[in-house]
Peer 1: 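There's a structure below that I have some questions on.
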Amino acid sequence: MKSLWNEAEAKQYTDELGLRVYSSRLLGRDKTLVLHGGGNTSVKLEEKNILGEHETLLYVKGSGWDLESIERAGYAPVRLGHLLALARLPRLSDTEMVNELKTHMTIASAPTPSVEAILHATLPYKYVDHTHADAVVSITNTQDGLARIQEIYGDTVVIIPYVMPGFDLARLCAEEFPKQVNEHTIGMVLMNHGIFSFGDSACESYERMIKLVNKAEKYLQVHKAWTKPSGFPAADEETFNPYLALAEFRHRLSLVANKAMLVRSHTEYKYQAFIDRDDLYEVSQQGPATPDHVIRTKRLPLLGRDLDQYVDEYQSYFDAHAAAHPQDLAMLDPTPRVILDKEWGLCSVGRTAKEAAIVADIYDHTIDVITRATSLGAYQALPAEDIFAVEYWELEQAKLKRGGQPPMFSGEVVVVTGAASGIGRACVDSFLARGAAVIGLDIDDKVVTNHSRADYLGLVCDVSITQHISQALQMGVKQFGGIDMLVLNAGIFPKSCAINQLSNESWREVMQINLDSYLMFLREAHALLKLAPNGGRVVMMGSKNVPAPGPGAAAYSVSKAGITQLARIAALEWGADNIRINTLHPDAVFDTGIWSDEVLQSRAHAYGMTVEEYKRKNVLKTSITSHDVAEMVAEMCGPLFSKVTGAQVPIDGGNERVI
Ligand code: ZN
């Protein structure tokens with residue numbers, strides 16, 4: 001591990017809180033030190049209050065902030081004297097502690113201080129840094145971890161046995177630290193949890209963290225416990241054959257969890273190699289590398305596909321530990337967050353794509369920790385009761401009880417065709433805004449780069465080729481676990497052409513894209529839509545031309561009439577499968593690719609109008625945008641339309657011929 005400290009960069013931060021931000025970001029950049037909100041840092045500063053009195057404040061990381069991207073506003077200033085007084089109390093519940101922290105801040109709008117604030121306060125150093133370094137937990141999570149830590153660090157660190165994070169840990173440190181500290185002390189190891197460093201300057205504290213973690217890494221290297229499986233790139237996956245089995249699994253998992261969940265399959269070599277270990281059961285059924293991972297990953301991964309057994313075991317684990325708990329606990333959903341399967345690889349589960357990505361990141365590092373600890377002898381996590389205490393600690397339970405309404409399509413997946421531009425692209429935005437994971441398909445490769453976020457997968461797809469369609473669906477299942485909704489929107493709008501001049505080729509081309517591909521999508525996606533936990537939904541992009549055709553657009557109008565009829569029949573056939581299919585008939589949506597100036601002029605001419613007249617030729621004299629149509633599409637997939645199937649809805653500002 002290298003120090004990332006750069007004097008020129010550091011100079012841009014002129015004050016002590018600025019340097020606190022700078023070195024915290026350096027820690028956050030190294031994923032082997034902290035992951036997704038893990039770790040915390042602080043600085044103690046003298047300030048003058050509004051009465052002109054001097055007071056010492058602990059600026060400590062606020063909850064909800066990531067070290068990698070933290071800013072000044074991410075630090076909560078808490079009065080140090082009060083924190084030190086709290087550390088002397090015999091007992092303080094977490095809820096009481098959070099209340100004390102929040103009521104002794106000097107900026108009302110600051111975030112809630114980290115639950116480690118009191119611990120930071122008790123360490124008599126200006127800067128304090130805390131991480132869950134992979135190398136350190138690889139060593140503490142072994143049978144003789146304590147002896148190894150003593151061997152590596154000698155008297156340079158204070159060593160604290162495992163205690164649950166929060167007040168109890170702060171109190172133990174306040175007692176133990178003065179007993180163990182000496183002139184060589186530069187850090188503190190928390191067994192089965194992580195490591196602290198500290199110093200008079202941001203640089204000193206940061207460099208000590210790097211130095212201490214390097215010692216652990218060297219120790220692992222010397223003991224031939226540093227290597228991890230690597231070297232093989234992921235196989236080039238044109239297809240993902242077990243997709244239907246994975247979608248069935250996700251369906252069952254969502255029913256047990258009582259909410260739609262996403263499942264992402266990762267088949268990289270590293271995971272396959274871990275899953276192929278002979279001792280997989282032994283090493284994977286121990287527990288997480290550091291306790292706060294349990295909130296994301298649950299205590300244990302599921303090996304294979306026996307969901308019922310996992311749920312039974314989770315129930316027993318809950319019953320066994322909840323009985324001894326002082327409060328009444330509400331059981332979390334009993335489904336796994338990590339699945340290790342020979343065919344599916346490492347699967348991560350989440351209510352959102354981001355959650356699933358965080359789970360995968362954490363388990364990726366857990367595999368490193370387990371592999372190294374096993375090379376040292378044996379991986380040994382904390383006993384189940386300690387993990388349970390963190391999984392069910394009162395602040396998490398309170399969060400759970402507060403609940404809050406998740407977005408409409410949380411845990412659900414939609415495929416949108418023609419997603420690179422126009423109405424399709426607007427649909428992508430409308431579904432993302434409602435919490436869905438979106439698979440955007442288009443022949444235009446802009447679809448790949450339009451968004452860069454965990455809940456979006458853009459794939460180039462020629463909708464006239466069945467194989468492209470089935471591959472896209474398979475890749476979508478690999479990425480998110482299933483397909484709940486289908487928005488069939490891809491289409492072409494040819495130049496105006498009278499029937500007596502319409503060529504076979506032109507007719508065929510329109511039918512292929514606007515009609516045949518819709519059949520192919522419905523056929524290929526049916527088995528997946530049937531497995532949607534909340535029921536499958538399809539919206540087809542029809543046209544005003546279906547109820548009210550105009551001259552010069554025979555092929556287009558016939559193709560749209562064709563899909564309208566197709567949707568009606570599908571609605572009849574698939575009602576028993578709990579799949580709804582509805583058609584939208586938009587008109588005069590001019591901010592889309594098919595409306596080139598040439599097409600506009602030609603259509604206006606066919607109606608004997610100017611382009612401007614043509615654009616607002618509706619009863620409401622309004623213009624209709626891609627966004628308007630997309631919002632309607634999304635709502636038609638939502639609860640508002642839950643009892644509607646086989647319907648055709650015009651979205652055209654009112655058309656006299658349609659009305
Ligand atoms: Zn920690």
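One-based numbering, in listed order, for ligands and for the atoms of each. On a predicted model such as this, the values are computed, not experimentally measured, just so you know.
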Peer 1: For E282, which residues count as a side-chain contact (heavy atoms from CB on, under 4.5 Å) partner, sequence neighbours excluded?
Peer 2: D279
Peer 1: Check whether any side-chain heavy atom of I387 lies under 4.5 Å from a side-chain heavy atom of Y317, and answer yes or no.
Peer 2: yes
Peer 1: Does W344 have R264 sitting over its ring (NZ/CZ under 6.0 Å from centre, angle to axis within 45°)?
Peer 2: no
Peer 1: Check this for me: D278, atom CG, are more than 12 non-hydrogen atoms of other residues, nucleotides or ligands nearer than 6.0 Å?
Peer 2: no
Peer 1: Give every donor-acceptor pair under 3.5 Å between a side-chain atom in residues 172-181 and any protein atom, sequence neighbours left out.
Peer 2:
unit_1	atom_1	unit_2	atom_2	d
E175	OE2	R171	NH1	3.4
E176	OE1	Q180	NE2	2.9
Q180	OE1	I159	N	2.9
Q180	NE2	I159	O	3.0

Peer 1: From the Zn ion (ligand 1), how many protein N/O/S atoms are found at a distance short of 2.8 Å?
Peer 2: 3
Peer 1: Considering residues at least two apart in sequence or located in another chain, which fulfil the salt bridge (Lys or Arg N to Asp or Glu O under 4.0 Å) criterion with K259?
Peer 2: D333
